[in-house]
There are 2 protein chains.
Amino acid sequence: MLTIGRLASYAGVTIRAVRHYHQIGLLPEPERDASGYRTYDADAVVRLVRIRTLAEAGVPLAWVRELLDADPAAFAAAISEIDRQLRTRIRTLREHRRRIALLGCGDSLAVPAEVVDYLDRLRAIGAPEAVIEAERDAWILVAARWPEAIPAFMADKVAQLADPKVVRLYRLVSRLAENSADDALLRETADAMIDLFEQAAARGELDWQDEAMPDAAFVRLLDSFVDGVHPAVGRLRELIAERGWIGWNRVERRAP
Amino acid sequence: MLTIGRLASYAGVTIRAVRHYHQIGLLPEPERDASGYRTYDADAVVRLVRIRTLAEAGVPLAWVRELLDADPAAFAAAISEIDRQLRTRIRTLREHRRRIALLGCGDSLAVPAEVVDYLDRLRAIGAPEAVIEAERDAWILVAARWPEAIPAFMADKVAQLADPKVVRLYRLVSRLAENSADDALLRETADAMIDLFEQAAARGELDWQDEAMPDAAFVRLLDSFVDGVHPAVGRLRELIAERGWIGWNRVERRAP
DNA sequence: TGCGGGGTTGACGCTGCGTCAAGGTCAAGC
DNA sequence: GCTTGACCTTGACGCAGCGTCAACCCCGCA
């Protein structure tokens, strides 16, 4: 007759594991001796070893009991099902490895490569860091909702940067970032933006905005990044609104 | 301003996950509105997306917080550590797959291949099923404690089966299994066993028993399988003991 | 006013044990 | 007979990352 400790050591498991198996009914509770100790016989060791054999092969304990006395067909079926699950988990972990290898750090975390490229171009034409961060955050949101649309969006945005008017606007914004009290500069910036808005309207580029961004609340959310860039943005928004334009990420002409 | 549901849907996570991140301090608790609803801003979405990006790459949540504002060097170090852990887990699962593919079912569960072979030979010479089961269970215990010793043990046991005396003994045992009341048969079996014991003793085969099986309690445990085969085994043990021999798996000569 | 679809906190469940906590038991040495 | 140390007992929390009730509040709409 064995104590729990000897049983466990014969089977190569911990005492805690044995008690756990009792608790979940995998190993029957044996007789107790006068002092309450569990007393095991050799059959318990055999059963325990079999339990471990299955458990160490990745069989969930919940399935072990049925497997221990399953006929060959059921056994084989269960084994192949468990193997399937193991394969799935391995695939998941491999996917994790793939993703973790792609992770950039800090700024570029959660930002698709196309967006990183676009932000670099913005930086190259002298956009202020605050603007770039706002763009980055906004594109993080867009990428989370429509990851597949990012390449097209970015191709579009990069193409826009070829327009000298756009570059000039960013220059103005950059100067404004350093001297936001300059009212003439503010007006000049507003003019430049409206010029671009009107150009876009003339080319019909505003017409498919609704399809690209169908969610008004989401667009307001994106706008909030722009508003957070600098206090002067509020003034800018007012100036532009006075001239009948509303919105940053989806612009509309309204009665002034 | 967003409710928790919109926040979650923008970031592609469940509401429960967001609350969980609050609970573990990964995402700061936002302001509440008059009715107690949490009100989020766009920055919360960005942070949440970043958390998900890391979590979906297999980063444990406990590490996400530090990673979110780690410098590139620390970030890279953490990433490589996490990748190491992922590789370890993949190796573990692959080992599970390997083992599960090797699992026999029912009888052969937890029995090494060499033992299966030996049991088949026993069956071939006509050993009764009860004896084979007892052998099987005993070898399960031995294999659990000294798996590396099994091939040598089995080579030895298989070699023994070449001895006609051993084969004859199993024949007797087999007849005894069918007719345990036959006293003459019982005595003949005892004689056959003692003959083998003495032959082994003469060849010095009993001398290294202690080295092979140093644990007396363990040997008693193995013996208990033999005792459980059939009630007649008890009679057999007495008969043999009268002639000065004790034990099944490790035999000793004692003063009768 | 009722209904459906939000939101709130609190708590248990899952997996397979590890790890205290707070004791009772046993064999051995003094 | 007493201590010591190794072993046994039950009970309960902890772990990772949420899923899933339960029980209740809030809001807009017919």
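Just so it is clear, the values below take in all heavy atoms, side chains as well, and ignore hydrogens, waters and symmetry mates. Per chain, numbering begins at 1; letters A, B, ... match sequence-line order.
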Nearest listed nucleotide, side chain of [X], among [options]:
X: A:Y21; options: C:dC17, D:dC8, D:dC18; result: C:dC17
X: A:P60; options: C:dG16, D:dT9, C:dC17; result: C:dG16
X: A:L61; options: D:dG19, C:dG16, D:dG17; result: C:dG16
X: A:T3; options: D:dG17, D:dC8, C:dG7; result: D:dC8
X: A:S35; options: D:dC18, D:dC26, C:dT25; result: C:dT25
X: A:R32; options: C:dT8, D:dC18, D:dT10; result: D:dT10

Would you kindly give the [atom1]-to-[atom2] distance between [X] and [N], to the nearest whole Å?
X: A:R6; N: C:dA27; atom1: CZ; atom2: P; value: 13 Å
X: B:R16; N: D:dT20; atom1: CZ; atom2: P; value: 11 Å
X: B:D33; N: C:dG6; atom1: CG; atom2: P; value: 16 Å
X: B:E56; N: D:dG17; atom1: CD; atom2: C1'; value: 13 Å
X: A:I15; N: C:dT19; atom1: CD1; atom2: P; value: 13 Å
X: A:E29; N: D:dC8; atom1: CD; atom2: P; value: 14 Å
X: B:Y37; N: D:dC27; atom1: OH; atom2: P; value: 6 Å
X: A:H20; N: D:dT10; atom1: NE2; atom2: P; value: 16 Å

Between B:R65 and B:Y21: side-chain donor-acceptor atoms closer than 3.5 Å
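Checked: B:R65/B:Y21 side chains show no N/O donor-acceptor pair below 3.5 Å.
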Which residue, B:T14 or A:Y40, contacts DNA chain D at a nucleotide closer to its 5' end, judged by nearest heavy atom?
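Comparing both residues, the 5'-ward one is A:Y40.
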Using a heavy-atom cut-off of under 4.0 Å over every strand shown, decide if [X] touches base, sugar-phosphate, or nothing.
X: A:R52; result: sugar-phosphate
X: B:I24; result: nothing
X: A:R19; result: base

Taking the ring centre of each residue, are A:W139 and A:F153 less than 6.0 Å apart?
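Judged by ring-centre distance (under 6.0 Å), A:W139 and A:F153 do meet the cut-off.
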What about B:Y40 and B:H22, are their ring centers closer than 6.0 Å?
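Yes.
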Interatomic distance, B:H96 atom NE2 to A:Q85 atom CD [nearest 0.5 angstrom]
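Going from NE2 on B:H96 over to CD on A:Q85, the span is 13.0 Å.
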Strictly below 4.0 Å: does B:R38 bring a side-chain N or O up to OP1 or OP2 of C:dG6?
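So the side-chain polar atoms of B:R38 never come under 4.0 Å of the phosphate oxygens OP1 or OP2 of C:dG6.
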Do A:W63 and A:L54 make a side-chain contact, defined as non-hydrogen atoms from C-beta onward lying under 4.5 Å apart?
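Side chain of A:W63 against side chain of A:L54, heavy atoms only: no contact under 4.5 Å found.
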